[in-house]
There are 2 protein chains.
Amino acid sequence: MKRITIKDLAKHLLLSTSTISRALVNDKNIHPDTKKKVLDAVEKLGYRPNPTALNLKYGQSKNIGFVVPEMITPFTSKVLRGIQNILYPLGYRVIITESDENPLIERKNLLLLEEFNVDGIIINLCHKSYNQDLYQQIMDRGIPLVFFDRIPGKSLDASKVMVNDNIKASLMIEHLIDTGRKRIAHIMGPSTIRNSTERAMGYKRILTKHGIFDPDLMVKTEGATFEHGRSAAQQLVDKKIEFDSIFAFTDTLAIGAMNYLLEQHIKIPEEVAIASFSGTELATIVHPQLTSVEQPLVEMGEIAAGLVLEKIKDIESPSKTIVMDAKLIYRASTLG
Amino acid sequence: MKRITIKDLAKHLLLSTSTISRALVNDKNIHPDTKKKVLDAVEKLGYRPNPTALNLKYGQSKNIGFVVPEMITPFTSKVLRGIQNILYPLGYRVIITESDENPLIERKNLLLLEEFNVDGIIINLCHKSYNQDLYQQIMDRGIPLVFFDRIPGKSLDASKVMVNDNIKASLMIEHLIDTGRKRIAHIMGPSTIRNSTERAMGYKRILTKHGIFDPDLMVKTEGATFEHGRSAAQQLVDKKIEFDSIFAFTDTLAIGAMNYLLEQHIKIPEEVAIASFSGTELATIVHPQLTSVEQPLVEMGEIAAGLVLEKIKDIESPSKTIVMDAKLIYRASTLG
DNA sequence: CAAAATTTTGGTAACGTTCCCATATAGGTT
DNA sequence: AACCTATATGGGAACGTTACCAAAATTTTG
């Protein structure tokens, strides 16, 4: 039951621990025969190296923290997948914390991760400014921070990866206009997130350009859950605001809205078209399937992992901001 | 930038490391004044304990492995939430690996986690028998294994937590019969998972009892994705098998099937009612909302975490099998 | 006031591994 | 044979922390 260590091997083979270590670490200063003997004993006794010892010795925990608002929708899962693709083969572990869209919990989670001695943190923040001071502190203490999707104010010198919200939102609005929609409503994301503002700006810009902008068509929300989407759609209907399409901040909001409309026997897309930002299966598991801006989430995770590795290797390496491309995918919710 | 250690504190305060340690660990053998001085210095110099040192000393990594088929649907996320509820406050970290429903990847992941030196593993397996030998080996090497949802054959002496698939499936079929359905199809789960068989048995038993069982109504699938659900529904339609309702192995399969039917302009629930196993938001984000067996997923995670902690504390403690209750929730997909 | 009892502190080994330095052995050159 | 150079191995410190035992300082007791 007791773990076999390098010392046990040494005792068993009547060698020093140094020699055993050399065999294990592919040092050239060792006789091939000795090396073979050691490797055989490793097999026979079932030795497995203890990473904790190395972590202590080299002052690294080989843990990366992952701080996200939630893991219930597939959005975060896909990014995580990308992160793991890069980090697991390198022997890093990923520790996940969910902040429930609450900046206070996010704060607690960040401190917890520091306590856990992580080598770096990848974060999708839940409030654009609330924890700015802590982000800075953590980086000052030598723990690199990498932001994805929702990024902080630019005063913070950290690596970031996201899509161009403003432009992609514009393109989606152009699509809705191209398909003959004139009364395009926007279910906004929470104002505490940068992306909300960016996407709303893209929306507003195009509608203004075409001279069909109407502030009544913008619905504010406090969050981005299905329920928020539902009640946003309900508001539009209740206030008797005329609309022939919806552009929602996220697929979650879009689906919430869609469900409400379907319950009211409003036909999609005939009476109301729906489009949003996505990148997950959510866009395709609903009926009709959702037209959306497909963000490359797995790749985003891979890039975020790469960025944090750069910083771990050299904390002084310059921060990078990577803007990824996203494709517009047209599906049944706006076509037909 | 360099990390402050207990030695730095000792040097700074002209005390021994032992005394510092005593102050930090709430030992009674220390003068209150000294303790205060130490605690002040901790604050001032920004000392944070290094958990890695303790891990090495006590032979624990404080890491728990989490092995699951996927993290894209909310099922696993919810269980994870429960696990974190219990383990994070105790200073444990959770390392997640996804096996993509592939026993070979699952095998690789288990070995990786062993490499990572985890203190225990919580697993939702992807094949009822394929890795049975490895499960046993890992436990033999002193790492406790706890199974949830999909459990292995009973020859394996390990703690487990799940719901009673057979009974809950029966109750759901009774519900469909109560609401007037007579041709109830069953989209089965993969035969490589115990739960599939259990749920199918419950289904068959009740239909047989009512004398309306027809093997043509059972559709086999190779997996449990949306696509599998779609094609199962398509099979039923293509083969012109008459059916007025579907009981699906999971919500994912149910939604896939539902989408196909909706595309064929088949009315739900008027023409076909749909029910399944769930416990996630998936059941409520679709239209119409799905009637389902709501499994208590967060609680399941909490219990799994508790079971693994018991085994960590005392590897000899007896294994437990916990069967949780699940509620049937009737929604629009079978009502009206 | 000395002796005993108690409280407070210091010294050090240990956890598992690697790496530097020193030592020993082998082989090769005069 | 004496020397030199490679090659191969051993010894021990270090990473940060705690736990044990020993030693010192303080308080209590007769």
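Each chain gets a letter, A, B and so on, in the order its sequence line appears, and its residues count up from 1.
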TODO: Round to a whole Å and report the spacing from CD1 of A:Ile30 to C1' of D:dA6.
DONE: 16 Å
Task: Whole-Å gap separating P (D:dT9) and NZ (A:Lys35) - done: 12 Å
Task: Salt bridge flag under 4.0 Å for residues A:Asp119 and A:Lys313 - done: no
Task: Lys/Arg N to Asp/Glu carboxylate O, B:Asp133 vs B:Arg107, below 4.0 Å - done: yes
Open item on the list: Just so I know, are the side chains of B:Ile138 and B:Leu111 near enough to count as touching, which here means a heavy-atom distance under 4.5 Å?
Closed with: no
Between the protein and nucleotides 18-23 of chain D, which nitrogen or oxygen pairs are less than 3.5 angstrom apart?
from	atom 1	to	atom 2	distance (Å)
D:dT18	OP2	B:Ser21	OG	2.8
D:dT18	O3'	B:Tyr58	OH	2.6
D:dT18	O2	B:Lys57	NZ	2.7
D:dA19	OP1	B:Tyr58	OH	3.2

Task: Distance in angstrom units between A:Leu9 CG and C:dT17 C1', rounded - done: 12 Å
- [ ] Measure from the side-chain heavy atoms of A:Leu15 and tell me the nearest of C:dG10, D:dA8, D:dG10.
- [x] D:dG10
Open item on the list: On DNA chain C, does the nearest nucleotide to B:Leu14 precede the nearest nucleotide to B:Ala53 from the 5' side, or the other way round? Give the residue.
Closed with: B:Leu14
Open item on the list: Ignoring hydrogens, what is the shortest heavy-atom contact between B:Lys78 and B:Thr280? Give both atom names and the distance.
Closed with: CD-CA, 4.2 Å
Task: Distance test, side-chain N/O of B:Thr34 to OP1/OP2 of C:dT9, below 4.0 Å - done: yes
Open item on the list: Taking side chain to side chain donor-acceptor pair (under 3.5 Å) as the definition, give me every residue that meets it alongside A:Gln60, ordered by chain and number, with sequence neighbours left out.
Closed with: none
Task: Rounded interatomic separation in angstrom, taking NZ from A:Lys7 and P from D:dG10 - done: 16 Å
TODO: To the nearest Å, give me how far apart CG (A:Leu56) and C1' (D:dT17) are.
DONE: 9 Å
Task: Residue pair A:Asn102 / A:Glu106, side-chain donor-acceptor N/O under 3.5 Å - done: no
TODO: Ignoring the backbone of B:Ser16, work out which of C:dG10, C:dT8, C:dG16 is nearest its side chain.
DONE: C:dG10
Task: B:Asp8 CG - D:dC15 C1' separation (whole Å) - done: 13 Å
Open item on the list: Please tell me whether B:Asn117 and A:Arg3 have a donor and an acceptor in their side chains that are separated by less than 3.5 angstrom.
Closed with: yes
Task: Estimated bend of the helix from C:dC1-D:dG30 to C:dT30-D:dA1 (axis per five terminal pairs, rounded to 10 degrees) - done: 60°
Open item on the list: How many whole angstroms separate atom CG of A:Asn29 from atom P of C:dA22?
Closed with: 16 Å
Open item on the list: Distance check needed: D:dT9 C1' versus A:His31 NE2, whole Å only.
Closed with: 12 Å
Open item on the list: If you take the centroid of each ring, where Trp contributes its six-membered ring, are B:Phe148 and B:Phe66 closer together than 6.0 Å?
Closed with: yes
TODO: Taking the six-membered ring of A:Phe147 (Phe, Tyr or Trp), confirm whether the NZ or CZ of A:Lys160 is under 6.0 Å from its centre and within 45° of its axis.
DONE: no
